[in-house]
Amino acid sequence: QVQLVESGGGLVQAGGSLRLSCADSGRTFSNYALGWFRQAPGKEREFVATISRSGYYTHHADSVKGRFTISRDNAKNTVYLQMNSLKPEDTAVYYCAADPTYPVNLDSIHYWGKGTLVTVSS
């Protein structure tokens, strides 16, 4: 069983940085590829970034490429999303997700976290 808990969200000014964390209390964390998704008010949930089980492979959405970086620490059962050069349009609830298959796909997620709110002010 995977139980994902996100943290690190908050209010930040445009151009600022935040690092989101997502921790799993289970014992099978390294068996799963992981992903970050986000949902802005009134919009569909969208893909942000994904990382393979070992952390060797990553993929980021075009909208965040060069600004956001996904990483993981399997010893700490934690996946991170470093967000730099934040823009008001990055405002959303950010969700962590786990799936046995890389890349993590919005249509086939096994486990979701409950999300953490990121608000970027202009």
Side-chain angles (χ1 to χ4, degrees):
Q1 185 74 11
V2 175
Q3 294 182 324
L4 303 171
V5 179
E6 300 96 335
S7 62
L11 174 65
V12 63
Q13 287 188 331
S17 297
L18 280 176
R19 188 177 80 157
L20 304 183
S21 300
C22 174
D24 171 36
S25 58
R27 297 183 179 182
T28 60
F29 183 79
S30 61
N31 292 342
Y32 291 86
L34 299 163
W36 286 98
F37 295 80
R38 67 186 182 185
Q39 188 165 16
K43 295 189 176 181
E44 298 285 320
R45 192 169 298 191
E46 65 176 6
F47 166 77
V48 176
T50 183
I51 189 166
S52 62
R53 288 179 287 180
S54 67
Y56 186 82
Y57 297 102
T58 63
H59 176 64
H60 298 77
D62 288 343
S63 59
V64 306
K65 201 168 290 184
R67 300 188 298 121
F68 292 9
T69 303
I70 189 171
S71 62
R72 68 188 294 166
D73 185 338
N74 285 342
K76 296 183 178 179
N77 283 9
T78 303
V79 60
Y80 304 97
L81 185 68
Q82 178 66 44
M83 306 186 296
N84 299 328
S85 302
L86 282 159
K87 304 175 181 180
E89 51 263 44
D90 295 318
T91 294
V93 177
Y94 284 72
Y95 297 90
C96 176
D99 192 83
T101 303
Y102 173 84
V104 175
N105 185 290
L106 187 59
D107 297 327
S108 61
I109 301 296
H110 274 56
Y111 301 102
W112 287 101
K114 293 185 177 181
T116 185
L117 176 63
V118 172
T119 303
V120 184
S121 63
S122 58

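In what follows, residues are counted from 1 in the order of the sequence shown.
Between Lys76 atom NZ and Ser21 atom OG the span is 9.5 Å, to the nearest 0.5 Å. The CG atom of Asp99 lies 8.5 Å from the OH atom of Tyr32; values are rounded to the nearest 0.5 Å. Distance CG/Leu34 to CG/Leu81: 12.0 Å, rounded to 0.5 Å. Between the CD1 atom of Ile51 and the OG1 atom of Thr69 there is a distance of 10.0 Å, given to the nearest 0.5 Å. In this structure, CG on Leu18 lies 8.5 Å from CD on Gln82, to the nearest 0.5 angstrom.
Shown here for Arg72 and Phe29, the closest heavy-atom pair between the two residues is NH2-O, 3.1 Å. Here the closest non-hydrogen pair linking Gly35 and Val104 is N-CG2, 4.0 Å. Heavy-atom minimum distance, Ser122 versus Ala14: CA-CB, 4.4 Å. The two residues Ala98 and Val2 make their nearest non-hydrogen contact at CB-CG1, 4.3 Å. The minimum heavy-atom distance between His110 and Pro100, with the atom names listed, is ND1-CD, 3.6 Å. Residues Asp90 and Ser85 share a closest heavy-atom pair of OD2-O, 4.4 Å.
Within the 4.5 Å cutoff, the side chain of Val93 has no heavy atoms near those of the Thr116 side chain. Using a 4.5 Å cut-off on side-chain heavy atoms (C-beta onward), Val118 and Leu20 make contact. No side-chain heavy atom of Met83 sits under 4.5 Å from any side-chain heavy atom of Ser17. When side chains are defined from C-beta on, Asp73 counts as touching Tyr80, because their heavy atoms get closer than 4.5 Å. Considering only heavy atoms from C-beta on, Phe47 stays 4.5 Å or farther from Trp36 through its side chain. In this structure, His59 and Tyr102 have side chains that are in contact, with non-hydrogen atoms separated by less than 4.5 Å. You'll find the side chain of Trp112 stays beyond 4.5 Å of the side chain of Leu4, heavy atoms only. Side-chain contact check for Thr58 versus Thr50: every heavy-atom pair is 4.5 Å or farther apart.
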Working for salt bridge (charged side-chain N to carboxylate O under 4.0 Å, His left out), residues Arg38 and Glu46
CA-CA 5 Å; Arg38 67 186 182 185; Glu46 65 176 6; 2.6 Å; yes

Test log, rule salt bridge (charged side-chain N to carboxylate O under 4.0 Å, His left out), inputs Lys65 and Asp62:
CA-CA 5 Å; Lys65 201 168 290 184; Asp62 288 343; 3.2 Å; yes

Assess the residue pair Gln13 and Val120 against the criterion (side chain to side chain contact (heavy atoms under 4.5 Å, CB included)); give the C-alpha distance rounded to whole Å, side-chain angles, the decisive distance to 0.1 Å, and a yes or no.
CA-CA 5 Å; Gln13 287 188 331; Val120 184; over 6 Å; no

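By the neighbour-count criterion of 12 heavy atoms within 6.0 Å, atom CZ of Arg53 is sparsely surrounded, having that number or fewer from other residues, nucleotides or ligands.
Under the 4.5 Å side-chain contact rule for hydrophobic residues, Val48 and Leu86 share a cluster. Transitive grouping of hydrophobic side chains (ILVMFWY, heavy atoms separated by less than 4.5 Å) keeps Val5 and Val79 in distinct clusters.
Under a 3.5 Å cut-off, the side chain of Glu6 and the backbone N or O of Cys96 do form a donor-acceptor pair. Side chain of Thr119 to backbone of Leu11: no donor-acceptor contact under 3.5 angstrom is found. Under a 3.5 Å cut-off, the side chain of His60 and the backbone N or O of Gly66 do not form any donor-acceptor pair.
Judged as a ring pair (Phe, Tyr, Trp, His ring centres under 6.0 Å), and not counting sequence neighbours, Phe68 has no contacts.
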